[in-house]
Protein chains: 2
Amino acid sequence: MSGSKSTSMTIGSLAKAAEINVETIRYYQRLGLMTEPKKPLGGIRRYDDVALARLRFIRRARWLGFSLEEIGELLKLEDGTHCDEAKALGERKLGNVRDKIRSLQQIEGVLDQLVEECCTQKDSVTCPLIASLHEGFETVAQ
Amino acid sequence: MSGSKSTSMTIGSLAKAAEINVETIRYYQRLGLMTEPKKPLGGIRRYDDVALARLRFIRRARWLGFSLEEIGELLKLEDGTHCDEAKALGERKLGNVRDKIRSLQQIEGVLDQLVEECCTQKDSVTCPLIASLHEGFETVAQ
DNA sequence: CTTGACTCCGTAGTCAACTACGGAGGTAAG
DNA sequence: CTTACCTCCGTAGTTGACTACGGAGTCAAG
């Protein structure tokens, strides 16, 4: 019914706001990542800011290397799955996210060092981006 | 440490060690991400642990959402580009990596809270995975 | 009430990143 | 030396994630 749903957008303005192609939104709907709001009998669909937030989340998660399938699982958490399921899933995802953070922090450390030292040391071409990653993956934390 | 097969793997054992398909390694060679060691005149190529480390790095970076093109740039840093170039590139990549870390930490926070609270609160289906991400920080690209 | 931009929907095409195939040749254990 | 498995290499196919197309319907400004 009517509502004071903040913003009512067409798919076009939604797409623009989320910086995502209209066709892509429809693609996500087909995959079940986004729901289609019901269409008022020979009219056009309207979207609210929840849809917008969801789209932005998908975009960011993609950028972070999650597949659409994984994103679907993350979104299921939001959508309220059964509690124990959700908890288990959440814990798995949390581990996953933390692994990614750890990996990125390793790269961050090396890049940082590289940028610092790059022009100060004349000798070695040792910018050990790889070396540091190659050891100490499973072993190291933080 | 690990039993180093160091300096003399065939492409097959390299692939197994890096958990990457042989064909994929050859594909990376074609793209210039990996160099082909020279072939001893009607013999077969041999790979060392530097190649292995490089492959593992590529795998991880892919997992973290970097494209092969971006990975190529990161690897250029390792390979010793000119200093100022390298520094500039390194700084850009560093910013990029830090953005990713920040995003992941946001997701981490929300997931953590979700896992904690999930079963303790009956009422709200408010597991605001999205909500928290939607505010936060807007921009970011690359 | 016309016109132009937009929506809807199914289908088809594109692009990056693999992944597989097949035949000629190399390698190593028995 | 045979046999089984591997490498090499070019080419072709697959998968996931979009992206485009086209025709029919819809909305809103003039």
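For clarity, every value in this text was computed on a predicted model and none was experimentally measured. Each chain gets a letter, A, B and so on, in the order its sequence line appears, and its residues count up from 1.
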A:Glu73 meets the side chain to side chain donor-acceptor pair (under 3.5 Å) criterion, sequence neighbours left out, with A:Lys93

Whole-Å distance, A:Leu14 CG to C:dT7 P, equals 10 Å

Extract from the structure each pairing of a protein N or O with an N or O of nucleotides 2-4 of chain D at less than 3.5 Å, listing the distance.
none

For nucleotides 17-30 of chain C, read 5' to 3', which letter fits each nucleotide if B means a protein heavy atom sits under 4.0 Å from the base, S means only the sugar-phosphate is that close, and - means neither? BBBBB----SS---

Please list, chain by chain and in numerical order, all residues satisfying side chain to side chain donor-acceptor pair (under 3.5 Å) with A:Thr35, sequence neighbours excluded. none

Tell me, which pairs form a salt bridge (charged side-chain N to carboxylate O under 4.0 Å, His left out) where one or both residues lie in residues 21-31 of chain A, sequence neighbours left out? none

So does B:Ser67 get a backbone contact from the side chain of B:Glu70, meaning a donor-acceptor N/O pair under 3.5 Å? yes

For A:Leu41 and C:dC8, give me the distance from atom CG to atom C1', rounded to whole Å. 14 Å

Check: B:Asp99 side chain, B:Arg102 main-chain N or O, donor-acceptor pair, under 3.5 Å: no

Can you see if the side chain of A:Lys39 gets near the phosphate of D:dT26 - specifically, an N or O under 4.0 Å from OP1 or OP2? no

For B:Glu91, enumerate each residue passing the side chain to side chain donor-acceptor pair (under 3.5 Å) test, keeping only those at least two apart in sequence or located in another chain. none

In chain order, what residues pass the salt bridge (charged side-chain N to carboxylate O under 4.0 Å, His left out) check against B:Glu19, with sequence neighbours excluded? B:Arg59

Please enumerate all residues that pass salt bridge (charged side-chain N to carboxylate O under 4.0 Å, His left out) together with A:Arg46, with sequence neighbours excluded. none

Value in whole Å for how far the P atom of C:dA12 lies from CZ of A:Arg26: 15 Å

Taken to the nearest whole Å, OH/B:Tyr47 to C1'/D:dC6 is 13 Å

Nucleotide D:dT26, atom P - distance to CZ of A:Arg45 in whole Å: 13 Å

Whole-Å distance between D:dA17 C1' and A:Leu33 CG? 11 Å

What nucleotide, of D:dC6, C:dG10, D:dC8, holds the atom closest to the side chain of B:Thr10? D:dC6

How many whole angstroms separate atom CG of A:Leu55 from atom P of D:dC18? 11 Å

Is there a donor-acceptor pair under 3.5 Å between the side chain of B:Lys100 and the backbone N or O of B:Leu64? yes

